[in-house]
Amino acid sequence: MLGWALTFLVVALIAGLLGFTSIAGASMAIAQILFFVFLVLFLASLVMHFMRGRSV
């Protein structure tokens with residue numbers, strides 16, 4: 001998912017440089033949403049990992 005966010009970020013940057021502002025804005029919004037979804041899922045996974053603990 002982080003790969004998709006980075007892909008949309010690159011598309012947004014290239015579109016912004018070429019003057020396609022509507023495509024750049026849409027790509028940046030998608031990249032931002034995907035990044036925050038990735039961040040929430042990563043933090044949830046990290047919390048679950050530490051809550052599970054180690055059983056001997």
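- Side-chain contacts under 4.5 Å among hydrophobic residues (ILVMFWY), followed directly or transitively, place V40 with no other residue at all.
- Put simply, CG on L46 and CZ on F42 are 5.0 Å apart, with the number rounded to the nearest 0.5 Å.
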Per-pair distances, 0.1 Å, donor-acceptor, side chain in residues 7-30, under 3.5 Å, sequence neighbours excluded:
| from | atom 1 | to | atom 2 | distance (Å) |
| --- | --- | --- | --- | --- |
| T7 | OG1 | G3 | O | 2.8 |
| S27 | OG | I23 | O | 3.0 |

